[in-house]
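These notes concern the structure reproduced below.
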Amino acid sequence: MLMPRQSNKGGGTVQVGRLNGNVTVINHHHASGPSRGGRASAAGRRATPAQREVLDLLNRVPDRIAILKFMEKEFKTRLVIELQPDQLYRVKRYVQAVLTNSEAPVTLEPPPVSAFQRERALRLANEADEAQARRLQRSSTTSGRNS
């Protein structure tokens, strides 16, 4: 019995054929080799301790997508497992900076004021207090006349 010629195109191809009678043949081909622009496939590799450390840091970042966009822009990948050691170090430092900035306390104190600004503010406050006192004095004298 002759089988028809089959061609295997693309990765993970499934071929289904039918022979005479009640027999069905299914061939599933798994392609292995370079992927993602010539780099070795990251599937099946275990993360190194340094990669796990970066992944743990990424889990603490409020906006993880921003970090992934940084990685894609700088290193052409969003996968930590594909980073070289020097790239991994850069991402780690970047994530640490993001975490430090997001955890920094927000201060509600005004910026420092110069001596000139402080004296001017005091003089204006004193002038406002004096004007308020004159208004109160006028209103009490006019209300005393009306009674």
Side-chain angles (χ1 to χ4, degrees), residues 1-140:
M1 176 189 289
L2 291 174
M3 299 273 299
R5 183 174 179 161
Q6 298 178 351
S7 65
N8 181 17
K9 294 181 181 176
T13 320
V14 176
Q15 297 174 340
V16 178
R18 191 168 189 84
L19 297 174
N20 290 337
N22 264 350
V23 178
T24 302
V25 178
I26 299 175
N27 293 324
H28 191 153
H29 299 275
H30 293 278
S32 62
S35 66
R36 297 186 62 103
R39 285 180 260 170
S41 175
R45 281 195 290 168
R46 286 202 168 297
T48 65
Q51 291 167 334
R52 281 194 296 273
E53 182 181 5
V54 170
L55 290 169
D56 289 341
L57 287 171
L58 276 172
N59 288 334
R60 295 176 33 208
V61 174
D63 186 11
R64 185 181 185 137
I65 299 299
I67 305 294
L68 298 178
K69 285 181 180 178
F70 164 79
M71 288 171 49
E72 189 169 39
K73 180 180 148 215
E74 293 293 318
F75 312 120
K76 309 295 185 250
T77 184
R78 289 179 147 213
L79 300 177
V80 171
I81 200 162
E82 291 184 352
L83 296 176
Q84 300 300 317
D86 58 324
Q87 297 170 333
L88 192 62
Y89 178 76
R90 273 190 68 197
V91 171
K92 176 182 170 184
R93 297 297 292 167
Y94 184 77
V95 172
Q96 287 172 334
V98 168
L99 287 172
T100 300
N101 290 339
S102 66
E103 293 169 357
V106 178
T107 59
L108 299 176
E109 296 179 20
V113 179
S114 69
F116 170 77
Q117 290 172 322
R118 192 176 312 111
E119 288 178 25
R120 183 168 185 255
L122 286 172
R123 183 170 40 85
L124 290 173
N126 286 338
E127 289 174 3
D129 288 345
E130 290 171 4
Q132 180 68 20
R134 284 194 296 273
R135 279 194 296 276
L136 287 173
Q137 189 177 16
R138 271 186 268 150
S139 68
S140 65

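Quick caveat: nothing in here was measured; it's all calculated off a predicted structure.
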To the nearest 0.5 Å, how far apart are CD1 in Ile67 and CG in Leu99? 7.5 Å
Considering only heavy atoms from C-beta outward, does the side chain of Val91 approach that of Val80 to under 4.5 Å? no
Going by heavy atoms in the side chains, are Arg138 and Arg135 under 4.5 Å from each other? yes
Would you find more than 12 non-hydrogen atoms of other residues, nucleotides or ligands less than 6.0 Å from Arg64 atom CZ? yes
I'd like to know if the side chain of Arg90 pairs up with that of Gln87 as donor and acceptor (distance under 3.5 Å, no hydrogens or angles considered). no
How are the rings of Phe70 and Tyr94 set relative to one another: parallel (under 30°), tilted (30 to 60°) or perpendicular (over 60°)? parallel
I'd like to know if the side chain of Gln96 pairs up with that of Arg93 as donor and acceptor (distance under 3.5 Å, no hydrogens or angles considered). yes
Separation of Glu82 CD from Gln84 CD (nearest 0.5 Å): 9.5 Å
Counting only heavy atoms not in Gln137 (residues, nucleotides, ligands), do more than 12 fall under 6.0 Å from its CD? no
Do Leu57 and Lys92 make a side-chain contact, defined as non-hydrogen atoms from C-beta onward lying under 4.5 Å apart? yes
Side-chain contact test, heavy atoms from C-beta onward, threshold under 4.5 Å: evaluate it for Arg60 versus Asp56 and give yes or no. no
Separation of Leu88 CG from Phe75 CZ (nearest 0.5 Å): 9.0 Å
CG (Leu58) and CD (Glu53) are apart, to the nearest 0.5 Å, by 11.0 Å
Would you mind reporting whether Arg78 and Lys69 have side-chain heavy atoms less than 4.5 Å apart? yes
